[in-house]
Amino acid sequence: MEYNGSAVVAMVGKNCVAIATDKRLGQRALTVDMGFEKVAPVTDNIYIGLAGLATDVMTLHDRFRMRVNLYKHREERTIEPKTFSNMVSHMLYERRFGPYFVEPVIAGLEKNGQPFICSMDLIGCINYADDFVVAGTAADNLFGMCESLWEPDLGPEELFETVSQAMLNAVDRDSMSGWGAVVHILTPEGVITRELKGRMD
Amino acid sequence: MTPLIEPNTGFKFDNVKRNQLLSDKGYMTPTATKTGTTIVGLLYKDGVVLGADTRATSGPIVADKNCRKIHYLAPNMYCCGAGTAADTDYTTNMVGSQLALHALNTGREARVVTAMTKLKQYLFRYQGHVGAALILGGVDVTGPHLFTIHPHGSTDKLPYVTMGSGSLNAMSVFESSWRPNLTRDEAVEM
């Protein structure tokens with residue numbers, strides 16, 4: 001888990017969710033890429049962030065995309081966040097005895113506008129939360145930042161500030177993550193994506 | 001025509017060789033969420049009381065402050081789970097669905113011993129690698145029953161049981177206070 005380095009966090013606000021990722025891709029101490037975002041859209045209303053071994057992050061993003069497209073063809077509707085999180089959990093538990101080295105973080109809005117976040121361990125044990133979830137090498141730091149900064153019912157702009165401060169300060173105390181960050185705010189009106197200016201080291 | 005996705009039943013072992021190679025090269029494999037748990041069960045006059053804490057840990061960090069450790073198996077049976085969290089979730093889910101089918105096939109309410117047998121045979125088959133330590137309790141036509149099931153597949157039928165890292169602490173309470181024919185309120189209190 002500590003080969004490539006990562007930091008992913010998702011937070012719940014009032015009728016909105018935020019998900020953020022750092023941009024570093026490393027090979028132990030060497031930084032190889034400063035534009036490796038670990039968060040990708042799944043549907044218009046669901047984003048998934050994968051922290052951990054980069055090769056598994058890339059492989060799983062592709063596999064999830066395929067499964068979601070197949071779901072859309074078979075069900076003739078887009079997948080909901082809770083259903084998607086169960087699908088991810090299932091795909092990870094299938095490899096119980098030879099797992100993918102990733103820790104997913106899922107953020108989305110349900111059909112009725114209700115915010116949804118969850119995280120999982122590498123074998124698919126889902127942890128639903130109504131405040132925040134964290135993953136990656138900076139997870140412990142993110143836990144500390146979120147626990148102190150988060151409060152319920154933050155609007156989209158306030159949530160953005162909270163997530164940004166949590167992310168920036170957490171990755172500054174972790175040598176394996178950082179080199180910039182990206183935040184996505186999901187609201188019923190659409191997704192707002194912003195790049196954060198942070199320490200490039 | 002080959003299917004787009006391979007059938008979704010059972011475990012896949014594709015990554016085992018690669019993961020072994022990675023750990024030989026010094027890659028630290030991440031830890032799965034463990035429950036770090038105290039789960040308890042006790043028989044009282046007409047039934048069973050099950051209890052569990054709500055903390056899930058990832059190493060020394062608390063991953064989930066409020067997780068559910070009492071899993072539904074059947075309308076008349078619940079199962080507390082300690083050990084590897086994903087294993088307890090999936091094992092109880094799987095046996096729960098098998099029990100529902102069994103109940104439909106037999107036309108009868110599922111019995112606690114049926115669930116116990118399904119669970120122990122599954123866990124023994126995996127020789128302890130599925131890290132699920134369970135306390136199964138329920139009431140059926142034969143009365144109230146309480147079992148513990150260990151990850152290797154051994155079971156015990158007892159009037160009061162505790163499992164998990166906090167089991168000794170909980171057992172000390174039971175050993176000093178439990179007696180047969182408790183009322184429901186006394187059992188819940190204990």
Side-chain angles (χ1 to χ4, degrees), chain A residues 1-4 6 27-28 51-56 59-60 63 66-67 69-71 73-74 86-103 105 118-137 139-144 147 176, chain B residues 3-23 25-36 54-69 71 81 83-94 126-132:
Chain A
M1 229 46 159
E2 271 153 34
Y3 183 66
N4 296 122
S6 46
Q27 280 174 359
R28 293 235 170 77
L53 192 62
T55 172
D56 285 346
T59 303
L60 282 176
R63 290 195 71 209
M66 181 177 96
R67 293 293 298 269
N69 288 341
L70 275 171
Y71 183 96
H73 278 113
R74 290 185 181 138
N86 276 307
M87 181 195 273
V88 171
S89 169
H90 203 273
M91 287 170 75
L92 293 177
Y93 194 71
E94 237 177 7
R95 313 247 178 231
R96 168 66 175 86
F97 298 118
Y100 288 115
F101 294 128
V102 292
E103 281 170 345
V105 165
C118 77
S119 69
M120 274 168 244
D121 68 354
L122 78 167
I123 46 176
C125 170
I126 308 182
N127 160 29
Y128 298 110
D130 37 35
D131 42 14
F132 50 84
V133 287
V134 303
T137 48
D140 294 356
N141 311 5
L142 281 163
F143 265 130
E147 196 72 55
M176 303 289 285
Chain B
L4 259 173
I5 315 174
E6 322 97 65
N8 247 358
T9 49
F11 293 121
K12 297 206 161 66
F13 296 91
D14 302 3
N15 281 341
V16 174
K17 203 162 166 206
R18 172 203 82 150
N19 290 357
Q20 185 59 39
L21 228 118
L22 279 170
S23 74
K25 297 226 186 267
Y27 181 83
M28 234 175 58
T29 48
T31 47
T33 309
K34 307 216 98 197
T35 43
T54 60
R55 174 185 285 180
T57 53
S58 199
I61 300 290
V62 177
D64 191 352
K65 292 188 266 193
N66 200 210
C67 78
R68 296 300 227 47
K69 297 187 195 178
H71 308 281
T84 306
D87 287 337
T88 59
D89 286 348
Y90 272 96
T91 307
T92 50
N93 219 3
M94 184 191 77
Y126 285 95
Q127 289 291 294
H129 290 287
V130 175

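Here is how names work: the chains are called A, B, and so on, in the same order as the sequence lines, proteins then strands, and each is numbered from 1. Note that the structure is a prediction, hence the values are computed from the model and not measured.
For chain A, no part of B:Asn66 is nearby; none of its heavy atoms comes within less than 4.5 Å. Heavy atoms closer than 4.5 Å to chain B are found nowhere in A:Thr59, neither backbone nor side chain. Contact of A:Tyr128 with chain B is made through the backbone alone, with heavy-atom distances under 4.5 Å. With a 4.5 Å cut-off on non-hydrogen atoms, A:Ser119 does not touch chain B at all.
At a threshold of 4.5 Å between non-hydrogen side-chain atoms, the residues B:Cys67 and A:Asn127 do not count as touching.
Scanning all heavy atoms of the two residues, the minimum distance from A:Gly124 to B:Tyr90 falls at O-CE1, 4.1 Å.
Not a single donor-acceptor pair under 3.5 Å links the side chain of B:Asp89 to the backbone N or O of A:Ile126. Judged by distance alone, the side chain of B:Arg18 and the main-chain N or O of A:Gly98 form no donor-acceptor pair under 3.5 Å. Judged by distance alone, with hydrogens and angles left aside, the side-chain atoms of A:Asp121 form no donor-acceptor pair with the main-chain N or O of B:Ser58 at under 3.5 Å.
One distance of note links NZ of B:Lys12 with CZ of A:Arg96; it measures 16.0 Å at 0.5 Å rounding. To the nearest 0.5 Å, the span separating SG on A:Cys125 from CG on B:Asp87 amounts to 9.5 Å.
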Would A:Phe101 and B:Leu22 count as a side-chain contact (heavy atoms from CB on, under 4.5 Å) if you check the C-alpha gap in whole Å, the side-chain angles of each, and the deciding distance to 0.1 Å?
-> CA-CA 11 Å; A:Phe101 294 128; B:Leu22 279 170; 3.8 Å; yes
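In this view, B:Tyr126 and A:Phe97, B:Phe11, B:Tyr122, B:Val130 satisfy the side-chain contact (heavy atoms from CB on, under 4.5 Å) rule, not counting sequence neighbours.
Screening residues 58-68 of chain B for salt bridge (Lys or Arg N to Asp or Glu O under 4.0 Å) gives A:Glu147-B:Lys65 as the qualifying pairs, with residues at least two apart or on separate chains.
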